[in-house]
Structure formats: C-alpha cells, structure tokens
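Notes follow once the structure below has been shown.
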Amino acid sequence: MLDIRNLNARVEGADILRNLSLSIKPGEVHAIMGPNGAGKSTLGNVLSGRPGYEVTSGEVSFKGKDLLEMEIEERAREGLFLAFQYPVEIPGVSNMEFLKAAVDARRKHLGLEEMSSFDFMKLARETSKRVSLDAAFLKRGVNEGFSGGEKKRNEIMQMMLLEPSLCILDETDSGLDIDALQVVAAGVNAMRDSERSFIVVTHYQRLLDFIVPDHVHVLAAGRIVKSGGKELALELEAKGYGWLEDEVA
Amino acid sequence: MTEQVESLIRKDYSAGFHTSIESETLRPGLDEEVIRFISAKKDEPEWMLDWRLKAFRAWQEMEEPTWAHVHYPTPDFQALSYYSAPKSMANKPKSLDEVDPELLETYAKLGIPLHEQEALAGVAVDAVFDSVSVVTTYRAKLEEAGVIFCSISEAVKRFPDLVKKYLGSVVPQKDNFYAALNSAVFSDGSFVYIPKGVRCPMELSTYFRINEMNTGQFERTLIVADEGSYVSYLEGCTAPMRDENQLHAAVVELVALDDAQIKYSTVQNWYPGDKEGKGGIYNFVTKRGLCQRNARISWTQVETGSAVTWKYPSCILKGDNSVGEFYSVALTNNFQQADTGTKMIHLGKNTRSTIVAKGISAGRSQSAYRGLVRINAGATGARNYTQCDSLLIGDRCGAHTFPYIESKNPSAVIEHEATTSKVSDDQLFLCQQRGLDAEKAVSMIVNGFCREVFKELPMEFAVEAGKLLEVSLEGSVG
C-alpha cells in the first residue's frame, strides 16, 4: 500500500523528518506515537502534499505509484485521505454540496458516473447517522459553527463517503470526550477490512484502546526510534517517552 | 499559495469587443450649447431643457467629491463627448426589423437576444447603446397590463406629467457633483410606471452598452410603482476593452408609493481595465429610492466590473412601516477600486432596513464598504441590521469598512456585524485533499461567501451572477 524510504522533509527551513522509513501493507493499522514536536503531524501533511512541507530527499510509493510526483488532489482521488486535527470552516458552502463535489471527483477518477443528487442525499443521510451527526448538519456550511467533536465526526463521515484506500488520522482524538471518541473509533473500525490501511497519529494510548493497531511506531526527532505491536503503546503509557529519547541520544 | 491564488484570479473579459458601426458623435466639450444640442436632438419640450440647464449651472459651481477611498486622475470633462448615437438610429426604427443588424448582433453576442421569440421568457429588455435606446421588447404585452416601459427620452414626450412630477424628486439636480452632471447631459435610460395595484407580469431589464471611444455614458432611470404595485427590474452593463478610461455617471430614481414594492437588481460588468490597471470604466453612480407608507425597496447588486466604482444605492424610508434592503457583492481584482455601500434614512415610524454587503478583493485591488444608517427623531421603533463581510484573496489587496450610524431616536435598534476573512491556505488545502481542483475550490469558497446575496437575485440571474464570479476568478490558483 505505502512504502516510505529514507524520507527527509523540512518546514520553514527546519528539518523535521529525518530518514524516515515505513512500510504499510493493505489492511494494516499503524499507530504513530511520540512526544510533541516529533514530526507526527508533519508525516500526514507531507504524505498528502500540503504546501509548505518540502521533501528534501527520499521516496514514497503509494499503490505502486510515485506519491511525491502527484498533485494534492490526485493523491486524494487515488485514495489518500487525511482526517484533520483542526478542520477549517468554509462558510456558506453547504456540507452536502462539498461532500458531493468530493465524492464526484473521486468517482470520476475511478471511471464511475456521478451520483444522482437523490442517491447521494440518501447515502449522506445514512452516513451521518453512523457518526451520530444529525442530518441537519448536511445543510450547514462546512464545519461552520460546529463544535470540536462535531468537526471530528464530520471528518469521519467524509472518510466513510470517500472510501479511501489509505486513511491518515491526525490526532483525531484530541479534544474529544469519551462518547465522541467511541463514535469516531466505531466509525474507523467499521471501515477496517483487508484492503484498507490506516495510519493513526496520536499522542495518547487512550484511542488505541478502541482502535487496536497492528503496529505501533514511536517517532522522535523526525525518525522512528522504536516499533512494536500494540503492547508497545501500553509500555509508553506507563513509562512516557523520555526513556526512548535517552536511548536515541 | 499567494502565487497560486493570484494566478487563479487572472481573468478574461469576454464582453470587450467593439462594434464597428457608423456613429454620430458630438464634438468633445461641455457648455450650454452642448446641452441645447442634446435636448434638441431628442426633440425635448422647453421645460426639459430648462431643467437640464438649471442642473448644468449648479454643476459648474460644484466640486468633484474626494472623500471616497479611491484614487484616479480627475477626468477632463472638456475632453469627453457627451452624445454619441449609431447613425442608423437617426430615423428612429419603428420595429425590430428596421434596427441595424449590427446592433442586434452586438446584443446577441452579449447573450441578450432582442427578438422576442428568442429572448429569455418572461423578461422584457430595453437595450441602450451609447446615448440611445435601441429597442424595448415586449411592449405590447406590458401595455395590456397598463405597465409603461420605454426609454426616458420617449417618456419625456409621451408622459410629460409623470416625468415632470417624479424626475429629480428623489435625486435632485444638485444632489452631488455627478448627479448634477447627469441631470445636465443625460442621454437615455429607462422609464417604468406600474399602475395602482398591478403586479408587473414580467421581469423588466435594461442592458447598457458603451461602444464609442471617448464618450461618457450618462443614463437616467426612473421607476415609479404606484400604490400597491410590484415590479422587479434588472440592469446589466458592459463595454469594450480600451486603454483609456471612460466615464459612466448614471442616476437611478425609484419611487415606491404606499404599499408598493420595487426589487432592483444590478449585474455590473463594465470593462475593469487590464491586469496592469490600464483602462476601464469610471463608474460614478447615484441610486436612490423613496418609500412611502408600507412600501418596500430592495437593492441587490453584483459588481464585478469597472476600474473605479463609486456607488451607494440608498433608501429614504419616509412612510411608516416602510422597508429598505441592500444586498451587495462587490468583487475587485487586479487594480480595480470600489467604494460602495448604501444609505438607509429612516424618517417614518417602525421603518426597517437590512444591509448585507460582501466585498471580495483579489490581486492588488482595494474595496471599501461605506454605509450610513440614519434614524431621524420621528422614526420611533426603527430597526436596522447591517452585516458586512470582506473576503481577501492573496495578500496584496485591501478591504475597508466605513460604517456611519446616526440615531436621533432612543427607541431605535441598530445592529452592525462585520467580518474579514481570507481564502486561506487551509481552506484550499481541505478542498484539494478531498479531491477538488484548486479552481473549483476557490469558486466554491467565493460562491459560498456570496450565498446570502445571490439568493436575492431573480432566478435567471442568480445563475448568471455565479458564472460571472467564476469567470472573474478564472486562473486565480494554478
């Protein structure tokens, strides 16, 4: 699915990712943990092509294609999805209109016909129910006046509608109460299958109680310093990140 | 991303062609002789000439206003020609068949077919070319309903009592520098009268086209809605691309008698000048409506053209319970400048006004909202709600807000909300990350920003307005 080799990236002149390598197979869930400033969010932003994130060297192949050569929207249409840590508002553009445009762009790329407005509306209503968002949110502006939790659930709804191949969740758990966290986790778990992969970026072990990862990686100073199974997350919870940083140093 | 956005906003002006047609254009310059010439050309009665001359004498004493947030060289009023008409119009064609095909072709190219069978169903058009009205469609159908829709020159002759009574009643000759100039030299424009209790059976519209070089266009529109009547009116405007600036100074007066309603929409797309800010129309316009008891006037404008815009469609809420509304989208790009807004003057009791102004600035343009809400001592129970939002695209443009509020009645309720936002990198990135290309993303964001105003436009034109914004922003992200 995704093969990252010796990736180096910088933001505003500072090197953030240093020789990062990571390989993800179809169907796998990888958790990326680490202290603040380790480069966790940078990874998701670099992979999705966000302006301002400069790749200085390294290779990334996504479904056999050179990811770094692709435009932002091509990566998205190819099936790379980033659930934002801080989703922005787009006032006046209805969620429904926005979602339909996104789904149509993806379908067009896959050689499918655009969905009729009627079918799409039906699908969107069902999907909003699955993330416990009232259908009224579909008519509101994109994230306009949504609470933190509503914005995150809206992200998961978009993910469900777009059916991506690789989902990157960037600290989706930040600012969520336990109920919202469970809704988000249930949404993710429902989408897990043998074809779809996930990168779950999180600061805390808590989310991983609900979304159980196949692999856990610890990112520190821009590189993966330790990898393991789900038990690594528990160890981190108990011991903190300090011991690993010492190990690297 | 600034560069990205900037390249998206590069725009092509599709209405910029010139029609080769023989015109009779008056020598440049402005004096009493010119005014007498225009009046004679139009075969006007004595009272009309006197009215013009009075305005001209007032204008000579006046000074050009400089308070607006716009910068441009003072036009040389003696270098302009104040009258230009296609020669073929000299013998006043009696029907469409007699109109020069070149002229019809010009309007067809602009998407305004003048043959009734091809025209937008339900819309009557008065087509004004430089200084004259070319044709007014659907007249017969309108006359059945008692509605008068004709050029103002014709109205002066055929309906002198109505014109005498209302012309200058809302915008007096001496109102301001440009209104005085217009009153002296106005060439053509539209006249509308809706009789008592009549709901005008179709949308009325005037399409203004400047064609000749070095001429100014000074049109005058007068709409009178008698008691209990209703009319929806739309104006559109375009001009050829030229390196020289051209002057457009119009006056629009609306009179809504008791219980009447006038909805006035504008889609202004005068030539805005090129990417370096060369050329374009100076659009200095005075628009004002008077509301009697229970009357309602709504101004809706989508302003995307002109090099410089100076325009404040206003309402005088004279009658008790009358309502004034102003919905505006002003988009400036490249080196365009706009200073636009409204005045809501509350005189009657329980008068209400709503102002929703959206300014979008891109490139190196400057756009300002300027609005006055005045509640006079007698306007007990008056209410106003104002919302002004500015959207910036890129980081070399400017948005400014100048709200003036004067309240002399303690019972008044006045609300003012204002926001400034940018089409942010983050919004653009969110859209692209969801698979939308950048151009689609920007147009979606801008259209979303304008939604509240677009929903006030007549349906046929809301789509047009959305498209116009799309064209105006074409190429603003690359």
Side-chain angles (χ1 to χ4, degrees), chain A residues 44-45 47-53 70-110 139-144 151 154-155 157-159 161-164 166-168 170, chain B residues 1-8 327 329 356 358-360 387-395 417-456 462 465-466 469-470 477-478:
Chain A
N45 286 325
L47 292 177
S48 52
R50 190 169 199 145
Y53 291 77
M70 295 158 81
E71 297 290 335
I72 305 167
E73 56 267 33
E74 286 176 59
R75 301 179 195 204
R77 290 171 194 162
E78 197 60 47
L80 185 144
F81 182 92
L82 175 67
F84 288 86
Q85 183 176 4
Y86 304 110
V88 289
E89 302 190 0
I90 310 181
V93 176
S94 82
N95 227 352
M96 187 71 98
E97 178 188 356
F98 175 72
L99 291 170
K100 184 159 191 314
V103 168
D104 284 343
R106 171 111 162 103
R107 288 179 66 91
K108 194 176 164 200
H109 180 75
L110 295 174
K139 289 189 189 152
R140 286 172 52 178
V142 176
N143 293 320
E144 200 180 349
K151 283 182 185 172
N154 199 27
E155 292 290 292
M157 176 166 74
Q158 290 168 35
M159 185 167 90
L161 285 168
L162 288 167
E163 304 186 328
L166 174 66
C167 309
I168 305 169
D170 187 9
Chain B
M1 110 108 194
T2 303
E3 260 175 54
Q4 239 191 336
V5 166
E6 304 260 319
S7 59
L8 234 192
Y327 301 97
V329 166
V356 177
K358 305 273 185 179
I360 303 153
Q387 181 192 333
C388 352
D389 300 320
S390 308
L391 184 70
L392 303 171
I393 302 178
D395 56 8
E417 287 180 21
T419 65
T420 300
S421 53
K422 281 185 81 168
V423 171
S424 69
D425 300 11
D426 291 349
Q427 287 174 327
L428 208 52
F429 179 61
L430 168 63
C431 294
Q432 288 179 278
Q433 211 301 306
R434 297 301 183 251
L436 308 182
D437 57 55
E439 291 204 2
K440 167 95 183 155
V442 167
S443 108
M444 195 182 238
I445 293 166
V446 171
N447 269 290
F449 176 75
C450 302
R451 173 148 309 177
E452 286 159 281
V453 173
F454 285 173
K455 72 177 194 323
E456 297 296 330
L469 279 197
E470 233 159 84
V477 194

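Just so you know, these numbers use all the heavy atoms, side chains as well, and skip hydrogens, waters and symmetry mates. Chain A is the first sequence line, chain B the second, and so forth, proteins listed ahead of strands; every chain is numbered from 1.
The contact between A:Phe98 and chain B is made by backbone and side chain atoms together, counting heavy-atom distances below 4.5 Å. Of the two parts of A:Glu78, neither the backbone nor the side chain holds a non-hydrogen atom closer than 4.5 Å to a non-hydrogen atom of chain B. For A:Ile90, the parts lying near chain B are the backbone and the side chain together; criterion is any non-hydrogen pair under 4.5 Å. Of the atoms belonging to B:Arg434, heavy atoms from both backbone and side chain fall under 4.5 Å from chain A. Both the backbone and the side chain of A:Leu80 come within contact range of chain B, judged by heavy atoms closer than 4.5 Å.
When atom types are taken as modelled, the side chain of A:Glu155 and the backbone of A:Phe84 share a donor-acceptor pair closer than 3.5 angstrom. Checked by atom type and distance alone, the side chain of A:Arg140 pairs as donor or acceptor with a backbone atom of A:Glu144 at under 3.5 Å.
Scored by the side chain to side chain contact (heavy atoms under 4.5 Å, CB included) test, A:Ala76 finds B:Gln433 as partners (sequence neighbours excluded).
The list of ring pair (Phe, Tyr, Trp, His ring centres under 6.0 Å) pairs with a residue in residues 433-453 of chain B, not counting sequence neighbours, is empty.
Between chain B and the options A:His109, A:Arg50, A:Arg75, heavy-atom pairs under 4.5 Å are most frequent for A:Arg50.
Residues A:Glu73 and B:Lys440 are not paired through a salt bridge, judged by the lack of any N-O separation under 4.0 Å between the basic side chain and the carboxylate.
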